[in-house]
Chemist: 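Just passing along the structure, written as structure tokens.
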Protein chains: 2
Amino acid sequence: MSDPALGENLLFLTDEQLRQGIEAMFFAYRGFTADPDRILADMEYGRAHHRAVHFINRAPGTTVNNLLAILGVTKQSLNRVLRTLIEDGLVESRVGTADKRERHLFLTDDGRALEQRLSDAQRARMRAAYRAAGPQAVAGFRQVLEAMMDADMRRRYLALKESGA
Amino acid sequence: MSDPALGENLLFLTDEQLRQGIEAMFFAYRGFTADPDRILADMEYGRAHHRAVHFINRAPGTTVNNLLAILGVTKQSLNRVLRTLIEDGLVESRVGTADKRERHLFLTDDGRALEQRLSDAQRARMRAAYRAAGPQAVAGFRQVLEAMMDADMRRRYLALKESGA
DNA sequence: TTGGAATGTCAACAAGGCTGACATAAACTG
DNA sequence: CAGTTTATGTCAGCCTTGTTGACATTCCAA
């Protein structure tokens with residue numbers, strides 16, 4: 001188990017190392033969501049609205065079904081969130097041209113403004129963490145996260161990554 | 001912004017890189033919680049129970065107040081969870097000896113059994129991700145996560161890490 | 001003895017998940 | 001064309017897990 005005479009050094013796979021990684025994920029995710037959460041707490045919105053706005057901004061014109069798959073929630077849950085965002089004029093829903101059953105989602109100017117506020121806050125923390133850890137650590141960070149995803153989520157993540165840059 | 005003639009290569013700090021990191025965190029955290037969630041779904045328990053059981057196992061005899069601070073929830077929320085765990089015989093609450101106001105929390109044999117099931121599942125995914133990414137990536141992963149935490153959470157995380165190994 | 005700390009409990013509420021059932025319109029298929 | 005499937009929306013209700021506020025108990029410490 002802890003025999004250092006292995007052909008390869010596998011000490012990073014001990015239960016204790018894994019547990020530390022698990023706890024690091026837990027505490028880090030709290031920090032990750034803390035700043036946008038603080039902004040949203042002053043509004044009638046929550047984390048679910050943030051996620052919707054983020055991915056609509058990321059893929060303008062996305063359909064409801066696509067957003068559903070990315071977010072991994074039910075249409076009822078998403079619809080509740082989208083309805084308020086549309087009512088409040090942050091999101092616009094346009095009937096599809098090719099397929100009129102589909103609704104294509106876009107951020108309005110107000111929606112983009114909110115998205116900016118939220119992602120500025122979240123990126124600021126991310127940037128500080130990246131800068132503190134350095135480019136090599138960041139590469140490792142991304143590798144481990146990708147390996148941790150479910151296969152279908154990894155596909156979606158990689159597709160977004162491609163489309164972005 | 002994207003001038004490659006900088007003294008240091010800071011391309012890993014572009015908004016696009018940061019956004020990819022943000023999305024990686026989102027998708028990876030879903031994977032991170034998926035396996036324990038599946039186990040808990042078959043019981044009357046949720047993710048909050050998992051967290052409580054995890055940290056009681058990690059620091060046996062911890063007080064309610066300490067657990068409160070680690071989990072970052074209100075005592076009412078935690079109490080609801082603890083009550084069911086105690087009623088179901090998974091957690092034991094012992095009145096403190098030095099300070100009889102305090103309750104010290106311990107897992108029972110049944111509690112340890114559940115903790116094992118949950119952490120085995122979570123560690124299995126973590127182990128696969130670690131193995132796929134390799135030790136150097138894991139080191140970077142941990143560095144970035146630590147830098148992402150709030151300062152007080154980082155203190156708690158490091159204290160746990162010390163105590164563990 | 002009195003004030004404050006640690007804990008527990010009751011009540012009420014909100015966000016955001018979920019399921020099930022049903023409606024509508026559009027597209028597809030035989 | 002008739003029937004089925006798909007995409008979406010909506011209503012109703014439920015669960016978990018977070019919140020606040022109020023109040024009781026117990027006990028330590030000044």
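Letters go in sequence order (proteins before strands), and every chain restarts at 1.
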Chemist: Heavy-atom count check: over 12 atoms from other residues, nucleotides or ligands less than 6.0 Å from Gln76(A) CD?
Modeler: yes
Chemist: Do any side-chain nitrogens or oxygens of Ser77(A) fall under 4.0 Å of OP1 or OP2 in dC18(C)?
Modeler: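 Ser77(A) to dC18(C) OP1/OP2: side-chain N or O found under 4.0 Å.
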Chemist: Answer yes or no: does a side-chain N or O of Asn79(A) lie under 4.0 Å from OP1 or OP2 of dT8(D)?
Modeler: no
Chemist: Taking only the side-chain heavy atoms of Lys100(B) (C-beta and beyond), determine which of dT9(C), dC28(D), dG17(C) contains the nearest atom.
Modeler: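 Closest nucleotide to the Lys100(B) side chain: dC28(D).
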Chemist: Nearest nucleotide by nearest heavy atom, which residue falls closer to the 5' end of DNA chain C, Ser93(B) or Leu78(A)?
Modeler: Ser93(B)
Chemist: Could you tell me the separation between the CD atom of Gln20(B) and the OH atom of Tyr157(A), rounded to the nearest 0.5 Å?
Modeler: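 Nearest 0.5 Å value for the CD-OH distance: 5.5 Å.
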Chemist: Over how many whole Å does the gap from Leu82(B) atom CG to dA6(C) atom P extend?
Modeler: 17 Å
Chemist: Over how many whole Å does the gap from Leu85(B) atom CG to dT17(D) atom P extend?
Modeler: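 It is 10 Å, rounded to the nearest whole Å.
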Chemist: Given dG17(C), is OP1 or OP2 found less than 4.0 Å from the side-chain N or O atoms of Thr74(A)?
Modeler: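 Checking Thr74(A) against dG17(C): no side-chain N or O falls below 4.0 Å of OP1 or OP2.
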Chemist: Of the options dT7(C), dC18(C), dT9(C), whose atoms approach the side-chain atoms of Val73(A) most closely?
Modeler: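 Nearest to the side-chain atoms of Val73(A), counting from C-beta on, is dC18(C).
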Chemist: Please check: side-chain N/O of Arg30(A) versus main-chain N/O of Leu71(B), any donor-acceptor pairing under 3.5 Å?
Modeler: yes
Chemist: When all nucleic acid strands are considered with a 4.0 Å heavy-atom cut-off, which category describes Arg83(A): base, sugar-phosphate, or nothing?
Modeler: sugar-phosphate
Chemist: Side chains of Glu23(A) and His54(B) only: does a donor on one sit below 3.5 Å from an acceptor on the other?
Modeler: yes
Chemist: Please give, in whole Å, the distance from dC28(D) P to Glu102(B) CD?
Modeler: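 Checked: the CD to P distance equals 10 Å.
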Chemist: Base, sugar-phosphate alone, or nothing: which one does His104(A) contact when heavy atoms must sit under 4.0 Å apart?
Modeler: nothing
Chemist: When only distance counts, do a donor and an acceptor, one from the side chain of Gln76(A) and one from the base of dG16(C), lie under 3.5 Å apart?
Modeler: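 A donor-acceptor contact between them is absent.
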Chemist: Could you point out which residue of Arg154(B), Gln143(B), Met25(B) forms a side-chain contact (heavy atoms from CB on, under 4.5 Å) with Met148(B)?
Modeler: Met25(B)
Chemist: Want to settle it: does Arg47(A) or Lys75(A) sit nearer the 5' end of DNA chain C, counting the closest nucleotide to each?
Modeler: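 Result of the comparison: Arg47(A).
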Chemist: Quick one: do the Thr84(B) and His49(B) side chains pair a donor with an acceptor below 3.5 Å?
Modeler: yes
Chemist: Given dT17(D), is OP1 or OP2 found less than 4.0 Å from the side-chain N or O atoms of His49(B)?
Modeler: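 Yes, such a contact exists.
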Chemist: Check the distance between dA7(D)'s C1' and Leu105(A)'s CG and give it to me in whole angstrom.
Modeler: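 Checked: the CG to C1' distance equals 12 Å.
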Chemist: Determine the contact category for Ala52(A): base if any of its heavy atoms lies under 4.0 Å from a base atom, sugar-phosphate if only primed atoms, P, OP1 or OP2 are that close, otherwise nothing.
Modeler: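 Counting heavy atoms under 4.0 Å across all strands, no contact is made by Ala52(A).
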Chemist: Is a donor-acceptor pair below 3.5 Å formed from side chain Arg101(A) to base dG9(D), judging by atom type as modelled?
Modeler: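 For Arg101(A), whose side chain was compared with the base of dG9(D), there is no donor-acceptor pair (under 3.5 Å).
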Chemist: Quick one: Leu68(B) CG to dG18(D) C1', roughly how many Å, whole number?
Modeler: 13 Å
Chemist: In this structure, how many angstroms lie between the C1' atom of dG17(C) and the OH atom of Tyr45(B), rounded?
Modeler: 21 Å
Chemist: dT8(D) phosphate, OP1 or OP2: any side-chain N/O from Asn65(A) under 4.0 angstrom?
Modeler: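 So the side chain of Asn65(A) is within the cut-off, an N or O lying under 4.0 Å from OP1 or OP2 of dT8(D).
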Chemist: Once you round it to whole Å, what is the distance between C1' of dA12(D) and CZ of Arg80(A)?
Modeler: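 Going from Arg80(A) (CZ) to dA12(D) (C1'), I get 12 Å.
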Chemist: Roughly how many Å is it from CG in Asn66(A) to C1' in dT8(D), rounded to a whole number?
Modeler: 14 Å
